[in-house]
K.L.:
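One structure, pasted below without further comment.
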Amino acid sequence: MEIFIYATSSGSEPYEVRFATEGNRLTVTCDCQAGTFGKLCKHKTELMAGDATRLFDPRDAGKLSEAQQLLARAEELRIVAAEIARTEKIIKEQTSINRKAKKRLQSLLNEGVQLV
């Protein structure tokens, strides 16, 4: 079984994201530059997350639903996606803490600090 969904790109031409099953195995590929090298791309990840705004043609919403049904059967993907979501939340929180610390450091450097 194959499901082909066209994803929006930064250019005028869409990228083709392919959800394919062979036996009990699911593969997801994209023909964007990153995808042709087997890399993870936003086209795959956003469609896998069910993001309909990534659809080049809104009429492909039914295909996106079909792909979501396949993905619901892929436990390992759900586990890894949950891990990514968890670590991205941590990164966001730590980035905020880091940004505040850098602002404070810059303020200290500009204002001067007491020498001991």
Side-chain angles (χ1 to χ4, degrees):
M1 172 184 184
E2 293 180 312
I3 302 169
F4 295 95
I5 301 174
Y6 291 96
T8 58
S9 68
S10 55
S12 60
E13 294 299 313
Y15 291 119
E16 183 180 82
V17 179
R18 176 180 169 260
F19 295 80
T21 58
E22 188 172 323
N24 272 349
R25 301 205 57 83
L26 169 66
T27 58
V28 182
T29 58
C30 180
D31 66 358
C32 72
Q33 187 173 359
T36 57
F37 289 105
K39 303 283 185 181
L40 188 61
C41 67
K42 62 186 174 185
H43 313 104
K44 288 190 279 192
T45 57
E46 290 174 3
L47 288 176
M48 288 172 56
D51 184 356
T53 64
R54 179 54 72 180
L55 293 174
F56 182 77
D57 185 345
R59 294 175 294 186
D60 281 346
K63 291 181 180 181
L64 184 58
S65 292
E66 285 181 59
Q68 292 296 295
Q69 290 172 10
L70 280 176
L71 291 164
R73 297 172 41 209
E75 182 178 359
E76 190 173 8
L77 285 180
R78 285 194 309 275
I79 291 168
V80 174
E83 181 180 343
I84 290 169
R86 182 181 58 78
T87 57
E88 284 180 345
K89 181 180 178 186
I90 292 167
I91 290 167
K92 184 177 179 181
E93 291 167 352
Q94 293 301 312
T95 299
S96 176
I97 291 168
N98 189 33
R99 190 176 303 118
K100 289 175 186 174
K102 285 181 176 182
K103 284 182 180 179
R104 179 69 180 136
L105 177 60
Q106 186 60 53
S107 178
L108 290 171
L109 292 173
N110 290 340
E111 297 168 5
V113 293
Q114 184 70 37
L115 298 175
V116 289

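In what follows, residues are counted from 1 in the order of the sequence shown.
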K.L.:
Rounded to the nearest 0.5 Å, how far apart are CD of Q106 and CD of E111?
P.N.:
10.0 Å

K.L.:
Restricting to non-hydrogen atoms, name the atom on I3 and the atom on A67 that form the minimum distance, rounded to 0.1 Å.
P.N.:
CD1-N, 3.7 Å

K.L.:
What distance separates L71 CG from L77 CG, expressed to the nearest 0.5 Å?
P.N.:
6.5 Å

K.L.:
Short question: side chain of E2, backbone of F19 - any donor-acceptor pair under 3.5 Å?
P.N.:
no

K.L.:
Do E93 and K89 touch side chain to side chain, with heavy atoms closer than 4.5 Å?
P.N.:
yes

K.L.:
Roughly how far, to the nearest 0.5 Å, is the NZ atom of K102 from the CG atom of N98?
P.N.:
4.5 Å

K.L.:
Take atom CD of E75 as the centre, draw a 6.0 Å sphere, and report whether it contains more than 12 heavy atoms from other residues, nucleotides or ligands.
P.N.:
no

K.L.:
Considering all heavy atoms of both residues, which atom of V17 and which atom of A7 are nearest to each other, and what is their separation?
P.N.:
CG2-CB, 4.1 Å

K.L.:
State whether the number of non-hydrogen atoms from other residues, nucleotides or ligands found under 6.0 Å of R73 atom CZ is greater than 12.
P.N.:
no

K.L.:
Between K63 (side chain only) and F4 (backbone N and O only), is there a donor and an acceptor less than 3.5 Å apart?
P.N.:
yes

K.L.:
Please examine the side chains of I5 and H43, heavy atoms only from C-beta on, and report whether any two atoms are closer than 4.5 Å.
P.N.:
no

K.L.:
With rounding to the nearest 0.5 Å, note down the distance linking OG in S9 to NZ in K42.
P.N.:
8.5 Å

K.L.:
Under the side-chain hydrogen bond (donor to acceptor under 3.5 Å, both in side chains) test, which residues partner T53, sequence neighbours left out?
P.N.:
D51

K.L.:
When you look at CD of Q33, are more than 12 heavy atoms from neighbouring residues, nucleotides or ligands closer to it than 6.0 Å?
P.N.:
no

K.L.:
Under 4.5 Å between side-chain heavy atoms, hopping through other hydrophobics if needed: is there a path connecting V28 to L64?
P.N.:
yes

K.L.:
For N110, I'd like to know if atom CG has over 12 heavy atoms of other residues, nucleotides or ligands within 6.0 Å.
P.N.:
yes

K.L.:
Determine yes or no for a side-chain-to-main-chain donor-acceptor pair under 3.5 angstrom, with S96 supplying the side chain and K92 the backbone.
P.N.:
no

K.L.:
Just to verify, which of D60, T8, T45 counts as forming a side chain to side chain donor-acceptor pair (under 3.5 Å) with R54?
P.N.:
T8

K.L.:
Determine, using the 4.5 Å side-chain heavy-atom cutoff (strictly less than), whether M1 and L26 are members of one ILVMFWY cluster.
P.N.:
yes

K.L.:
Grab the two heavy atoms, one from K44 and one from C30, that are nearest each other, plus how far apart they are.
P.N.:
CG-CB, 3.8 Å

K.L.:
Using atom types as modelled and distance alone, determine if a side-chain donor or acceptor of T95 lies under 3.5 Å from a backbone N or O of I91.
P.N.:
yes

K.L.:
Please name the residue in the list T36, L47, D31 that meets the side chain to side chain contact (heavy atoms under 4.5 Å, CB included) test with Y15.
P.N.:
D31

K.L.:
Could you list the residues that satisfy salt bridge (charged side-chain N to carboxylate O under 4.0 Å, His left out) with D57, not counting sequence neighbours?
P.N.:
R59

K.L.:
Starting at SG of C32, measure out to NZ of K39 and round the result to the nearest 0.5 Å.
P.N.:
12.0 Å

K.L.:
Quick one: CG on L70 to CE on M48, what's the gap to the nearest 0.5 Å?
P.N.:
11.0 Å

